[in-house]
Protein chains: 2
Amino acid sequence: MARPRTFDEADVIARARKAFADTGFAGTSLDTLLEATGLARQSLYNAFGGKKELFMRAFLSDAAEAVEAVESIRHGEDSPIGRIRSQLVKVAVEQGSAQAAPSLFTKAAVELSARDAEVASTVEAAFESMSRHYAACIAEAQAAGEIEAYADADALGTFFCAVIEGMSTLGGSGVARATLLDIGFTSMAAIPITDLGREHLGTGDGDWS
Amino acid sequence: MARPRTFDEADVIARARKAFADTGFAGTSLDTLLEATGLARQSLYNAFGGKKELFMRAFLSDAAEAVEAVESIRHGEDSPIGRIRSQLVKVAVEQGSAQAAPSLFTKAAVELSARDAEVASTVEAAFESMSRHYAACIAEAQAAGEIEAYADADALGTFFCAVIEGMSTLGGSGVARATLLDIGFTSMAAIPITDLGREHLGTGDGDWS
DNA sequence: GTCATCATGGACCAGCCGGTCACGAACCCG
DNA sequence: CGGGTTCGTGACCGGCTGGTCCATGATGAC
């Protein structure tokens with residue numbers, strides 16, 4: 001009944017996400033956005049509503065993906081404690097690359113949380129979700145006898161959220177990958193690992209040049 | 001020989017720091033800046049050179065202060081390990097207040113490090129300074145027998161940088177003070193503390209409601 | 001084939017952006 | 001007390017901001 005869109009909404013959001021992640025909300029103009037997404041002024045306007053709305057779509061999408069990335073820690077072939085280490089290594093490698101920038105999630109949290117209630121509540125909810133995923137993984141490791149029973153799984157969960165957020169910020173400022181990996185491995189010392197857990201982890205480091 | 005200024009340069013920078021910390025570089029207009037600092041357009045221009053220059057002054061000042069705050073960890077009446085804990089508690093309390101925003105240092109690091117070389121190098125240098133201060137304090141604690149000799153002081157130093165940066169980001173997004181304190185205390189579990197060290201720390205938590 | 005419907009692209013807008021100019025006021029030194 | 005130099009104030013600039021209007025084009029249901 002009507003002319004169909006010539007663009008893929010999800011694709012546009014992905015491109016917008018990249019643009020906003022590069023230069024932040026205030027630092028990204030509509031023109032830049034149009035060039036990055038390839039669509040025309042009016043198309044953006046009646047498909048999304050405006051700059052702010054498109055930003056929120058991109059931001060929510062990024063936040064969901066960030067939580068999902070942590071959620072994957074719950075499944076996998078590795079032992080629970082090995083999956084935690086893998087996650088830390090993954091973040092260090094991603095954020096430690098030469099031209100790595102903080103994710104839109106982190107960038108929006110720092111830029112807008114203080115002034116935009118929706119951003120703030122989304123960020124807080126995402127952090128809580130991530131914490132719970134980490135905590136659940138730690139609890140699983142406890143059940144498997146890899147971590148001492150006296151460990152506080154919830155506290156360790158939020159702790160790893162903070163560590164990863166810190167690694168992301170440091171990495172975005174040019175701190176080397178090897179340093180980030182050190183931070184990740186050092187943070188694992190906060191976990192009271194049992195002998196069994198140490199056995200499951202193996203020697204530890206591979207080749208991460 | 002000439003008309004003296006009616007404003008205090010340091011005071012202007014302090015106000016500008018607050019304004020930039022609130023809304024970021026791109027998000028703070030010259031008009032906002034003029035209102036915040038109280039000076040006239042031209043005064044700002046011929047005293048500092050422009051928006052970017054004033055921002056750099058504010059940013060460098062904030063970075064220096066941030067390093068200085070960590071540097072204070074080297075001196076104090078407390079035992080070395082106690083001073084580390086105090087620092088973590090201090091950050092948690094500051095960043096955990098209801099209307100806390102990330103410092104200009106953190107905000108600039110996230111917003112501009114990827115695009116501005118001077119910001120990036122300043123941030124990196126500041127992180128390295130902070131790391132060294134933490135590492136030195138840990139080494140001191142090792143010398144005092146509070147921390148096991150096998151601990152890697154350098155790795156722990158950068159680790160605490162990451163933790164504090166993470167706490168700052170989380171706090172700015174509305175995470176509760178108690179949660180931040182938990183993160184701080186949990187992070188200390190990464191330090192292999194000796195019995196003597198534990199003794200010096202005492203029971204641990206006071207009243208931080 | 002016709003027509004209602006929606007996407008598109010260009011023109012256009014008021015307002016704000018950071019920055020500049022010209023001029024009068026304030027000051028210290030001689 | 002006058003001269004030279006700096007400072008503060010207002011008006012002003014071109015350009016860009018996010019947002020809107022409207023004519024045109026493409027589409028598919030009937």
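Just so it is clear: chains get the letters A, B, ... in the order the sequence lines come, proteins before strands, and each one is counted from 1.
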For K51(A) and dC16(D), give me the distance from atom NZ to atom C1', rounded to whole Å.
12 Å
Under 3.5 Å, side chain of R85(B) to main-chain N/O of L201(B), donor-acceptor pair present?
yes
As a test of reading the structure: which of dA11(C), dA11(D), dT8(C) is closest to the side chain of R41(B), going by heavy atoms?
dA11(D)
Give every residue pair that meets the side chain to side chain donor-acceptor pair (under 3.5 Å) criterion with at least one member in residues 109-125 of chain B, sequence neighbours excluded.
S173(A)-S113(B), K52(B)-D116(B)
Could you give the CG-to-P distance, from L54(A) to dG19(D), as a whole number of Å?
11 Å
Starting at atom CG of L39(B), determine the distance to atom P of dT6(D), rounded to an integer number of angstrom.
19 Å
Heavy atoms only: give me the nearest F25(A)-K51(A) pair and the separation to one decimal.
O-NZ, 3.0 Å
Strand-adjacent residues in residues 5-26 of chain B, judged by heavy atoms under 4.0 Å from DNA chain C:
none
Output yes when at least one side-chain N/O atom of S43(A) is less than 4.0 Å from OP1 or OP2 of dT8(C), else no.
yes
What is the distance, rounded to the nearest whole Å, between atom CG of L44(B) and atom C1' of dC7(D)?
14 Å
Name the one of D152(A), I84(A), D154(A) that satisfies side-chain contact (heavy atoms from CB on, under 4.5 Å) with I138(A)?
I84(A)
If you apply the rule side chain to side chain contact (heavy atoms under 4.5 Å, CB included), what do you find for F55(A) with L33(A), and how did you get there?
CA-CA 10 Å; F55(A) 174 83; L33(A) 231 34; over 6 Å; no
In this structure, how many angstroms lie between the P atom of dA11(D) and the CG atom of D31(B), rounded?
14 Å
Do other residues, nucleotides or ligands put more than 12 heavy atoms under 6.0 Å from E35(A) CD?
no
Rounded to whole Å, the CD-P distance (E35(A) to dG18(D)) equals 14 Å
Would you kindly give the CG-to-C1' distance between L30(B) and dG15(C), to the nearest whole Å?
16 Å
Between P on dA22(C) and CG on N46(B), what's the gap in Å once rounded to a whole number?
15 Å
Within the structure shown, what part of the strands sits under 4.0 Å from T28(A) by heavy-atom distance: base, sugar-phosphate, or nothing?
sugar-phosphate
Return the set of residues passing salt bridge (Lys or Arg N to Asp or Glu O under 4.0 Å) with E53(A) (not counting sequence neighbours), or none when no residue passes.
none
Return whichever of S29(B) or Q42(B) has its heavy-atom-nearest nucleotide of DNA chain C closer to the 5' end.
S29(B)
